[in-house]
Amino acid sequence: MDEYMQAALEEAKKGLACGGIPIGSVLVLDGKIVGRGHNQRVQKGSVVLHAEMDCLENAGRLKAVDYKRSVLYTTLSPCDMCSGAVLLYGIPKVVIGENATFKGPEEYLKSNGVELVVVDSRECKQLMEEFIKENQDLWNEDIGE
């Protein structure tokens with residue numbers, strides 16, 4: 001696991017430690033992490049603060065050309081909302097920790113020119129499997145079921 005996915009995983013664990021859903025994300029620009037985030041729907045009572053959205057928010061306002069040179073790392077396949085943000089800002093590449101416990105609209109992202117790399121991290125998958133097993137109702141709420 002590279003340093004950026006490790007940083008996203010640390011964000012996921014941070015979210016879990018404070019009572020949230022263990023999904024983390026980092027935005028990398030020119031080899032440097034410019035934004036970090038984790039799912040904070042529970043902690044902040046938010047309907048939109050998925051890890052990727054929190055990460056983009058924490059990166060602050062970037063120029064369009066910066067997004068087009070960035071890479072988004074996320075521990076879990078991005079949902080429709082987060083995938084929409086990737087497309088809106090023109091982020092060309094998303095590195096996904098795992099997509100076995102949840103798979104977002106990956107084919108749609110690919111069809112719009114986004115490069116996807118699925119790391120298939122055992123650690124990311126195990127973290128989500130354990131969380132889902134113990135928190136099925138909260139998980140279903142998070143993915144809109």
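All residue numbers refer to positions in the sequence shown, counting from 1. Values below: all heavy atoms of this structure, side chains included; hydrogens, waters and symmetry mates excluded.
Residues in residues 21-37 take part in these salt bridge (Lys or Arg N to Asp or Glu O under 4.0 Å) pairs, two or more places apart or across chains: Asp30-Arg69. Applying the salt bridge (Lys or Arg N to Asp or Glu O under 4.0 Å) definition to pairs two or more places apart or across chains, those involving residues 40-53 are Arg41-Glu141, Arg41-Asp142. Residue pairs meeting the side chain to side chain donor-acceptor pair (under 3.5 Å) criterion with at least one member in residues 85-98, sequence neighbours excluded: Glu98-Thr101. Every pair tested for salt bridge (Lys or Arg N to Asp or Glu O under 4.0 Å) that includes a residue from residues 73-91 fails, sequence neighbours excluded, so the list is empty. Screening residues 100-113 for salt bridge (Lys or Arg N to Asp or Glu O under 4.0 Å) gives Glu107-Lys110 as the qualifying pairs, with residues at least two apart or on separate chains.
The side-chain contact (heavy atoms from CB on, under 4.5 Å) test applied to Gln43 returns Cys18, His38, Gln40, not counting sequence neighbours. Not counting sequence neighbours, Lys133 has no partner by the side-chain contact (heavy atoms from CB on, under 4.5 Å) test. With sequence neighbours excluded, the residues forming a side chain to side chain donor-acceptor pair (under 3.5 Å) with Glu130 are Gln126, listed by chain and number. Residues meeting the salt bridge (charged side-chain N to carboxylate O under 4.0 Å, His left out) test with Glu129, sequence neighbours left out: Lys125. The side-chain contact (heavy atoms from CB on, under 4.5 Å) test applied to Asp2 returns Tyr4, Met5, Tyr73, not counting sequence neighbours. For Glu3, there are no side-chain contact (heavy atoms from CB on, under 4.5 Å) partners, not counting sequence neighbours.
Using a 4.5 Å heavy-atom cutoff, the side chains of Leu56 and Cys82 are not in contact. Using a 4.5 Å heavy-atom cutoff, the side chains of Leu27 and Ile91 are in contact. For the pair Val28/Val34, no side-chain contact is recorded, criterion being any heavy-atom separation below 4.5 Å from C-beta on. With a 4.5 Å cut-off on side-chain heavy atoms, Val86 and Val94 count as touching. Residues Leu9 and Leu127 form a side-chain contact, since some pair of their non-hydrogen atoms from C-beta on lies under 4.5 Å apart. Taking 4.5 Å as the limit, some side-chain heavy atom of Met128 sits within range of a side-chain heavy atom of Ile23. Here the side chains of Pro22 and Asn39 are not in contact, with every heavy-atom distance at 4.5 Å or above.
Here the shortest heavy-atom pairing between Pro78 and Pro105 reads O-CD, 3.4 Å. Scanning both residues, Asp54 and Gly37, for their nearest heavy atoms gives OD2-CA, 3.2 Å. The minimum heavy-atom distance linking Ser77 with Gly104 is given by the pair OG-N, 2.9 Å. Nearest heavy atoms, Pro92 versus Ser70: CD-O, 3.2 Å. Taking each heavy atom of Asp66 and Leu62 in turn, the nearest pair found is CB-CB, 4.1 Å. Nearest heavy atoms, Ser83 versus Leu109: OG-CD1, 3.5 Å.
One hydrophobic cluster holds both Val26 and Ile21 under the rule that ILVMFWY side chains link at heavy-atom gaps under 4.5 Å. Following chains of ILVMFWY side-chain contacts shorter than 4.5 Å, one cannot reach Met81 starting from Ile96, and the two form parts of different hydrophobic clusters. Taken together through direct or relayed side-chain contacts under 4.5 Å among Ile, Leu, Val, Met, Phe, Trp and Tyr, Phe102 and Leu49 form parts of separate hydrophobic clusters. Val71 and Val65 are members of different hydrophobic clusters when ILVMFWY side chains are connected at heavy-atom separations under 4.5 Å. Under a hydrophobic clustering in which Ile, Leu, Val, Met, Phe, Trp and Tyr are joined whenever their side-chain heavy atoms come within less than 4.5 Å, directly or via other members, Met53 and Val47 fall into the same cluster.
Side chain of Thr75 to main chain of Gly24: a donor-acceptor pair is present (N/O by atom type, distance under 3.5 Å, no hydrogens or angles).
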Please list every donor-acceptor pair under 3.5 Å in which a side-chain atom of residues 112-121 meets a protein atom from a residue at least two apart or in another chain.
{"from": "Asn112", "atom 1": "ND2", "to": "Tyr108", "atom 2": "O", "distance (Å)": "2.9"}
{"from": "Ser121", "atom 1": "OG", "to": "Glu123", "atom 2": "N", "distance (Å)": "3.3"}
{"from": "Ser121", "atom 1": "OG", "to": "Cys124", "atom 2": "N", "distance (Å)": "3.0"}

